[in-house]
Amino acid sequence: MFITKIKLIKKINPGVHQLFLFDKVTQLEQAGFTKEQLTYVKQAIEQKQKPLLFNHSGVFQFIVFNEPKKEDAPYKISEQWRREASGIANLCNQQKIETLAIADLTGNSGNVTDTVEGFLLSNYQFLKYRTGEKNGVNALKTIEVLEKDADKNALKETEIIAEATFAARDLVNEPLSYLTAEQLSQQIKSLGKKSGFRVEVFNKSKIKALKMGGLLGVNLGSPNPPTFNILEWKPKNAKNKKPFVLVGKGVVYDAGGLSLKPTPNSMDKMKCDMAGAAAVAGALHAIAQAKLAVHVVGLIPATENRPGGNAYVPGDVLTMHSGNTVEVLNTDAEGRLILADALSYAKKYKPELVIDLATLTGSAAAAIGSEGIVYMGTADESVKKNLETSGNDVYERLVEFPLWDEYDNYIKSDIADMKNIGGAVAGAITAGMFLKRFTDYPWLHLDIAGPAYIDKPEFYKPKNATGIGVRLLFDFFKNKAI
Ligand code: BES
Ligand code: MN
Ligand code: ZN
């Protein structure tokens, strides 16, 4: 993981590549352009030409002109700055530019922060398994910001968020050959050491003692043992009496079990099935690093889902941590089984709110693609509204699906309390209905199967792991900490 440095400066040195930020045509006069340059820039803006730049014998001046339309919500304008920055970051890397100074003419430090966030988030690479090749390494190392233009606290926070997002991306990009459940626990511990959250790891015998039948059932076909991870950030000045609990699906590899997945475009991506766990670990990392005044607990059940040896079979009945029984009719619907144990374990905290994040269903991904998060749950409308607002602000948007009573019929079993699959329709919802049965507190379920791992870059989200959930949760808890 490499994170672009933010350097505060007093003045921009001659010879340094620059990026001008404008949001009104009148500001162009203040940039010190010549008459010819001004005419050119104005014309280029009118023709919506992008990218817009001058190359003075190798010294670049990039121009971002982002004039808000009246009807644009502020969060859309923020997103536009991030996106523009990602475009410039690509150009910098192409041109082997190492340092870029931002010259803000909008007079709004928020625009500078959003731009810096776009630079940091897009300038990510996962190079751990490349040997010898230095050509492809991103050149851009430092973003310079004038002190007078900077909101220093906001920039510090941006750095924290980007670093935590990268930690989550790295975890998701790691293949199973490195990231087994036990190795995931190690990584979580080392994040906790860096930022100051507490980590406790339950091993297989402790998981057995706790009778986590879902997690143990899914793990049966795997040569590697499961883990159950408890992360906790509990500052003295916490604003909440009852903790917030985050639950993350930690299936370090989902082969489907005996209900084996096909390879192309399916099993070949399933190292991403612990993206919920990565989001929870990344969020705790950022929350602890920023010392937010909230008490947050993270619960991460982790295992592979494989068809080996003693694997659980379709038709098996599992007795869960809650004591309820589940008839397994598809071993590929494993996420809900391990989450159910964690949700049931969460009851002991008497939580104010539980949020689970999981790459849970292809159905959620089919419904809205990678453009957002499908969510549902029993928390109050006001909580849902707050989370949706955070979702817009960080542009990890949420859309609510219903948990109507009728859907509960879909998971009735002939022989057990419930079965682990519904019918051919409403797959994201029946997974949610299954989880709901293991909760007795305000709860929200976020299905991130669509946006967690993407086929092509989306602005500041590179191809593959996106780190979705980290920025969302950080923003949500930041608002709880005031
Ligand atoms: N991990 C998958 C869901 C998934 C799909 C994540 C695509 C990321 C991208 C999950 O465990 C799964 O296999 N779900 C099944 C459930 C079905 C068997 C009821 C699915 O969605 O097909
Ligand atoms: Mn599965
Ligand atoms: Zn899965």
Side-chain angles (χ1 to χ4, degrees), residues 171-173 176 179 181 184 214-215 217-222 226 247-279 300-307 311-316 326-342 356-374 401 407 410-411 413 418-435 445-455 463-469:
L171 286 173
V172 174
N173 283 327
L176 174 68
L179 201 79
L184 174 61
L215 180 55
V218 172
N219 181 254
L220 281 173
S222 164
V247 173
K249 173 177 174 183
V251 172
V252 287
Y253 193 78
D254 184 11
L258 281 168
S259 313
L260 196 66
K261 283 184 187 296
T263 313
N265 254 318
S266 181
M267 201 201 293
D268 46 355
K269 293 183 181 158
M270 280 304 136
K271 68 175 182 182
C272 84
D273 214 15
M274 34 55 70
I300 297 175
T303 178
E304 291 150 53
N305 181 30
R306 291 170 80 130
Y312 72 148
V313 303
D316 270 349
V326 175
E327 184 187 11
V328 176
L329 288 177
N330 189 322
T331 62
D332 198 12
E334 85 297 341
R336 64 198 75 185
L337 298 171
I338 73 167
L339 290 171
D341 282 349
D356 77 71
L357 295 97
T359 44
L360 203 61
T361 66
S363 161
I368 68 164
S370 62
E371 307 299 339
I373 299 170
V374 166
F401 277 22
Y407 293 116
Y410 293 33
I411 54 170
S413 156
M418 68 198 95
K419 56 182 178 176
N420 77 331
I421 50 165
V425 297
I429 296 174
T430 49
M433 290 305 283
F434 182 94
L435 298 178
H445 158 56
L446 276 55
D447 195 328
I448 57 171
Y453 197 81
I454 56 181
D455 295 336
K463 185 179 179 210
N464 301 335
T466 61
I468 192 154

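One-based numbering, in listed order, for ligands and for the atoms of each. Everything numeric here is computed off the predicted structure, so don't read it as measured data.
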Checking a contact table here: which protein heavy atom is nearest [atom], and how many Å away?
atom                    : result
atom 19 (C) of ligand 1 : Ile421 CG2, 3.5 Å
atom 12 (C) of ligand 1 : Asp332 O, 3.2 Å
atom 2 (C) of ligand 1  : Asp254 OD2, 3.5 Å
atom 18 (C) of ligand 1 : Asn330 ND2, 3.5 Å

Okay, side chain of [X], backbone of [Y]: is any donor-acceptor separation there less than 3.5 Å?
X      : Y      : value
Asp447 : Leu360 : yes
Tyr453 : Asn173 : no
Lys419 : Ser413 : no

Give me the atom names and distance for the closest heavy-atom approach of [X] to [Y].
X      : Y      : value
Glu304 : Val252 : CG-CG2, 3.6 Å
Ala279 : Ile468 : CB-O, 3.4 Å
Thr331 : Tyr312 : O-OH, 2.7 Å
Gly427 : Thr361 : O-CG2, 3.7 Å

| query | Does the shortest distance from the Mn ion (ligand 2) to an N/O/S atom of Asp273 fall below 2.8 Å? | reply |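 No N, O or S atom of Asp273 is closer than 2.8 Å to the Mn ion (ligand 2), so no.
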So which of the N, O or S atoms of [X] lies nearest the Zn ion (ligand 3)?
X      : result
Asp254 : OD2
Asp273 : OD2
Glu334 : OE2

| message | Closer than 4.0 Å to some heavy atom of Ala449 - which atoms of ligand 1 meet that? | response |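 Once the distances to Ala449 are compared, the set is 6 (C), 8 (C), 9 (C).
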| message | Given Glu334, Lys249, Arg336, Met270, identify the one with the heavy atom nearest to atom 8 (C) of ligand 1. | response |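 Closest candidate by heavy-atom distance is Met270.
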| Closest to atom 1 (N) of ligand 1 among Asp273, Val218, Thr361, Asn265 (heavy-atom distance) |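 Answer by nearest heavy atom: Asp273.
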| query | Taking just the N, O or S atoms of Glu334, which one is nearest to the Mn ion (ligand 2)? | reply |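 Distance check against the Mn ion (ligand 2) picks out OE1 in Glu334.
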| message | For ligand 1, which is the ligand I care about here, please tell me if Gly362 has any N or O atom under 3.5 Å from one of the ligand's N or O atoms. | response |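 Indeed, backbone or side chain, Gly362 has an N or O that close.
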| task | Rounded to the nearest 10 degrees, what's the angle OD1 of Asp332 makes with OD2 of Asp254 at the Mn ion (ligand 2)? Could you check? | result |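 An angle of 100° at the metal.
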| field | Leu360, portion touching ligand 1 at heavy-atom distance under 4.0 Å | value |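 It is the backbone that gets close, since no side chain atom is under 4.0 Å.
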| Between Lys261 and ligand 1, which residue portion shows a heavy-atom distance shorter than 4.0 Å: side chain, backbone, both, or neither? |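 The answer is the side chain of Lys261.
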| query | Salt-bridged, Lys249 to Asp273, with N to O below 4.0 Å? | reply |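 Judged by the 4.0 Å cut-off on N to carboxylate O distance, Lys249 and Asp273 do form a salt bridge.
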| field | Charged N-O contact under 4.0 Å between Glu334 and Arg306 | value |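 No, Glu334 and Arg306 are not salt-bridged.
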| query | How far apart are the C-alpha atoms of Asn219 and Thr303, what are their side-chain angles, what is the distance that settles it, and do they pass the side-chain hydrogen bond (donor to acceptor under 3.5 Å, both in side chains) test? | reply | CA-CA 6 Å; Asn219 181 254; Thr303 178; 2.9 Å; yes
| query | So does Ala358 have any N/O/S atom less than 2.8 Å away from the Zn ion (ligand 3)? | reply |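 Checking Ala358: none of its N, O or S atoms is under 2.8 Å.
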| said: Counting C-beta onward and ignoring hydrogens, is there a side-chain heavy-atom pair between Leu339 and Phe434 closer than 4.5 Å? | reply: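 No, their side chains stay 4.5 Å or more apart.
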